[in-house]
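Given the structure is predicted, the values throughout are model-derived calculations rather than measurements. Chain letters run A, B, ... following the sequence lines, proteins first and then strands; every chain starts at 1.
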Amino acid sequence: MTTEAGSETEVKENAEEKSAVQLDQSEKTTEGTQEVAATEGEERQTEKEKEKEGKGITRYLPTWFKKQKSQSQTSPTKEVPPTEEPTIKVSQEEAHIPEVNGHAEEVEEKEAVGPQQQQVKEKESHSNASADTEPAGEGKVESAQKSLEGTEETTKEGAKEEKKKEEVEKEGGQGQTFIFQSPLRLVRKNKMKLVVCHVTLLDGSDFTCEVEKRAKGLFLFFKVCEHLNLLEKDYFGLTYKDHHEQKCWLDSTKEIKRQIRSNNWQFAFNVKFYPPDPSLLSEDITRYLLCLQLREDVASGRLPCSFVTHALLGSYTLQAELGDYEPDQPRPLDYISQLTFAPNQSKEMEEKILELHKSHKGMTPAQADCQFLENAKKLSMYGVDLHHAKDCEGVDIMLGVCANGLLVYKDRLRINRFAWPKILKISYKRNNFYIKIRPGETEQFESTVGFKLQNHRSAKRLWKVCVENHSFFRLNAAEQPTKARFLTLGSKFRYSGRTQNQTRLASTLIDRPAPAFERTSSKRISRSLDGAPMISITDTSREAENGREPHLELHSDSKVKEADLSPGSVEATPAQSPVRVRGDNIYDHDKTQEEVLKHQASVSELKRSFMEAPPPSPPQLNLWEKRLTSSPAMATRVQQQTVVPETEASAAAAANGDAKEPAKTTEVEIEETVVVQEISKAPKAAEELQTQEVKDRDGAGLQKKHESVSSESESDEEAEYHPNVSVSISHTQIPEEKEEEEAEEEQGKKEKLTAASSPVEPEQAAAAVEEEEKQSSKEEEKKEVSTEEPMMTPDEASNGITSREEAASVAAEEEELPKVNGETSVVEARPQVICCSEPPVVKTEMVTISDTFAAQKTEIATKEVPIVHTETKTITYEAAQLDGSGDGEPGVLMTAQTITSESLCTTTTTHITKTLKGGLSETRIEKRIVITGDCDIDHDQALAQAIKEAKEQHPDMSVTRVVVHKETELAEEDD
Amino acid sequence: MAGLMAGFGRYTHAIVRGTPESLAKGALRSSQAEVDVTIAQREHDAYVHVLRTTLGLEILELPADETLPDCVFVEDAAVVCGDTALITRPGAESRRGETEAMKGALKELNLNVVEMTDESATLEGGDVLFTGREFFVGLSKRTNQRGAEILADAFKDYAVSTVPVSEGLHLKSFCSMGGPGLIIIGSSEPAQKALKIMQQMSDHRYDKLTVPDDLAANCIYMNLPNKGHVLLHCTSEEFPESVKVFEKLKDHMLIPVSNMEKRKVDGALTCCSVLINKKANN
């Protein structure tokens with residue numbers, strides 16, 4: 001639920017708009033007949049609702065329609081005198097929250113519209129401030145694209161989808177508002193520092209723009225894409241040079257300032273993911289940009305090719321840039337020798353290029369680009385990102401990351417290749433980079449291959465590239481596009497953008513006239529040639545593009561295909577029973593302890609891998625978290641933060657906390673499920689990890705612990721940032737402090753942060769949602785499957801853990817169960833509670849601080865709270881323990897991820913199994929989502945949200961268990 | 001001008017070379033077999049006849065050189081792909097001279113001739129398997145890493161992966177292409193192991209056709225206008241079981257070619273010609 005975030009930004013918006021309006025009163029529309037009531041927020045909601053009802057279709061309309069609509073909507077806001085701002089802020093929030101609790105669905109839908117409006121508003125304020133100089137606003141384009149996407153899905157899903165996207169772009173959007181705020185506001189707030197960014201574009205030109213100093217990478221990236229009029233932007237990225245002149249990708253989720261060095265705001269726009277089949281791209285402009293990148297790659301030698309290929313590619317370049325070969329063209333050879341086609345370009349090659357150019361007569365620039373790409377994509381090094389490394393014997397090799405996996409080269413020879421499905425885990429430690437390989441048919445054990453990189457930085461960079469490439473290309477295997485989305489969204493550090501499948505789907509929905517773009521040649525030619533051909537070329541290209549070339553139709557064919565592979569195909573599978581309650585039969589299943597342990601082992605493997613390869617740069621609000629942040633539960637919390645200064649748990653309490661047993665456990669059971677083992681996933685993970693550490697006495701674990709201790713003071717420092725910083729800022733601050741730290745350090749710090757400074761919230765609640773999703777091609781099979789399911793369910797892990805490590809606590813819980821059931825009402829009445837924090841990734845145990853009286857909450861709440869804002873851990877692709885027909889596709893992949901935001905911790909375990917049975921392919925996705933919060937979670941809300949999200953990702957899923965679990969504990973220290 | 005990898009198996013020309021009398025005594029061999037040069041020559045004539053008459057290739061026949069007993073096995077002297085020809089540096093010293101005549105012939109065909117000048121490099125064409133999408137180079141007694149590197153440098157468009165060849169003379173002693181994306185492979189353990197490696201190293205998927213006899217896995221595939229898929233393979237006198245497997249290839253025009261005598265000196269079907277596609281290149 002985005003209520004909170006939504007309202008907050010709206011408030012901001014209001015403020016901005018107000019100022020904007022003051023600047024430009026004439027902008028006021030006359031439509032604002034509705035007077036601003038005391039509760040402005042409510043009014044806005046009503047309006048949104050109206051729009052919703054009356055114009056449900058708006059979503060499907062191009063945004064420029066919506067823009068007009070929302071302009072009228074925002075107009076009342078503008079009339080609010082700025083002096084009222086503070087009041088409004090509060091009242092707005094208040095107005096929102098009751099609604100949220102009341103009508104979850106409604107609000108959700110409203111939210112879907114909300115952000116869009118918001119963005120439009122941003123756009124509006126933008127134009128107010130910048131005197132309407134920008135013809136096509138990013139907001140417009142974005143939401144247009146989004147709204148188009150929405151049509152693919154059911155209304156709700158569509159709305160949801162949009163919302164998500166909005167969330168994604170909110171960062172950018174917010175940034176935008178910063179930039180385009182009215183000068184008035186700048187003066188008033190006196191903190192907006194603008195910096196000038198220089199971005200080298202693919203055609204070699206320089207794009208300069210101003211961004212707010214704290215702007216995130218995404219914002220700048222969007223600015224550039226907007227400038228380029230690029231919609232299919234997911235294949236691209238911005239790079240910067242670090243201290244060591246190494247090219248690094250700008251992380252879109254992080255502040256630019258924190259990534260670049262020495263205040264050098266110099267970037268380059270580059271292709272980040274080379275589409276394996278460029279003909280599937282929707283727009284010529286995207287292909288053109290890809291061509292530009294490849295021309296550069298070829299000319300620089302990064303993309304090696306033979307003489308003939310150089311000549312061929314060069315000839316297509318000429319055709320695209322110059323049009324048909326003109327015999328009377330003034331000294332063509334002189335001209336082309338000014339262009340670089342190859343690293344060592346000879347006269348012979350130039351002649352060959354010209355010769356081939358002649359043969360392309362009649363080809364439009366777009367066609368020439370296509371031909372160029374068709375040839376370039378077949379080159380063996382196309383899209384391969386090379387990294388220098390040494391093998392275990394110290395021999396120089398190159399590691400190439402590409403769409404299919406990791407390639408190992410020695411000199412120019414490929415000496416090994418690890419396809420993504422073969423890789424179970426990717427990690428790095430210091431300057432070592434490791435991949436764990438799935439055992440082959442004949443092998444019994446996984447093997448780990450290690451490579452040495454030059455230094456820690458390069459290892460980290462390689463790791464990041466691997467994670468991103470894997471996410472982008474692999475995580476949406478055509479059969480399971482939704483899983484990809486899920487993973488991508490969730491596992492931020494990783495890759496925050498759309499995966500290839502998603503972006504392809506989005507591309508199919510692009511519905512704009514082919515944008516006109518100027519080819520570089522136009523500039524170049526006018527310089528080096530006598531200008532003759534230039535104009536006519538551009539003209540022909542336009543005509544050709546509008547006239548729908550044959551190749552264009554081909555594309556649309558492929559688009560359709562693409563679309564079919566995506567959600568549509570999922571929907572085609574028979575619908576599952578929406579909610580299945582399987583109650584307490586969890587333990588009844590015929591599975592051996594061995595299996596349980598096996599499964600558990602793999603889970604702990606996941607955990608371990610978290611530790612081995614923690615996100616180098618942590619805690620940013622990612623998409624997933626964004627959504628979390630905006631959940632009503634968060635809303636409550638944040639509200640608390642704003643109204644009442646945050647409190648800090650006494651560090652001592654936290655430190656001692658691990659020794660404590662939960663004093664009281666409350667479980668809210670939904671759907672009559674009896675859950676025995678259910679304590680929140682996170683603590684389990686923590687305990688498990690701890691156990692591991694204890695077990696490995698080989699020093700590694702201990703060392704980590706030491707590190708964590710040593711970083712304690714540091715983390716305390718970080719914690720200091722908090723109390724006085726407003727929420728939105730603190731989001732970004734702490735994480736970035738850690739950006740450059742060693743993985744383990746981070747880990748340790750996290751640990752300490754959470755442990756020592758566990759944000760003491762008055763109440764803690766954990767909501768666990770377990771879902772099991774299946775997509776199978778036949779109903780009959782399903783039964784079979786469902787009997788097997790328990791074996792695959794993550795529950796098992798819990799069971800295993802329970803039996804092994806948590807017997808005691810579970811026993812305690814079991815004892816409490818009756819009580820629990822009886823106390824459901826108590827839960828709703830907000831029992832006196834708790835606090836607990838437990839990022840599952842952390843190696844320490846769960847820290848629990850208890851509080852007896854609700855009355856004391858407020859007092860506690862006035863102390864400082866160091867908060868760990870966000871943390872994301874993911875990455876491990878683990879083999880599922882397949883039964884029988886094991887030799888199927890290696891599409892088995894299991895993930896687990898944990899996202900810790902400031903008050904919510906979400907752990908998601910996904911288990912994907914693909915089996916071939918009797919010739920039928922069956923894909924089963926089992927997902928377990930555990931949301932743990934240290935504030936009062938609105939269970940219904942959180943559940944609805946989680947289910948909704950999961951449903952949207954996997955329309956066919958069935959929820960097998962929903963468990964709400966609440967822990968109440970007492971902390972003597974707080975008395 | 002055809003793009004990359006257009007028309008795998010399309011050939012217009014073939015370079016062959018006469019069988020010298022010295023083959024009987026002088027040719028290198030892994031067995032102790034006695035070779036009847038007359039039979040070998042007759043076989044070779046039949047082979048050339050198939051290429052010329054049945055398949056309509058333009059044949060460039062180099063004269064036999066008695067000082068080069070292995071000269072009939074032209075494949076090892078050059079690797080041709082597209083319009084680039086790499087003159088090899090055979091691992092067997094006695095064969096280094098074979099490349100001279102080959103170079104001349106290739107130049108005559110206006111190919112881009114690249115020479116392997118590095119003294120440390122060895123490469124024989126029998127170790128080079130071109131699949132249409134990429135190269136696999138067997139690292140054998142006759143071919144080393146450096147040779148493979150030079151090949152990779154000569155054919156920059158393609159991935160070049162190395163495959164250790166522990167048994168057999170060359171990589172292609174137990175495998176060859178049977179069509180686009182179809183690898184014919186022997187059933188011996190080393191052969192299967194090599195195939196696994198190739199599959200692992202490749203971004204592309206290959207089907208495999210396993211034949212009982214490793215030596216029978218060496219075939220010549222062509223895709224010719226008006227003829228479609230053509231496969232030259234061993235005769236049923238030589239490897240009856242393997243021939244049964246080939247006969248399952250319904251889409252292929254199957255042409256059994258006898259190679260009994262030359263096999264005694266480790267000569268396989270592919271060894272006796274260098275196939276070239278000239279028309280596609282300009």
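- A salt bridge links A:D369 with A:R295: at least one charged nitrogen is closer than 4.0 Å to a carboxylate oxygen.
- Only the side chain of A:N404 comes within contact range of chain B, with at least one heavy atom under 4.5 Å from a heavy atom of that chain.
- Annotation: maximal heavy-atom pairing with chain A below 4.5 Å, among B:T84, B:V163, B:T162, occurs at B:T162.
- Using a 4.5 Å cut-off between heavy atoms, A:L303 makes no contact with chain B at all.
- For A:D324 and A:K358, the salt-bridge test fails: no basic side-chain N is under 4.0 Å from an acidic carboxylate O.
- A distance below 6.0 Å separates the ring centres of B:F130 and B:Y158.
- Side chains of B:S176 and B:N218: no donor on one and acceptor on the other come within 3.5 Å.
- Interface residue A:F307: only side-chain heavy atoms are found under 4.5 Å from chain B.
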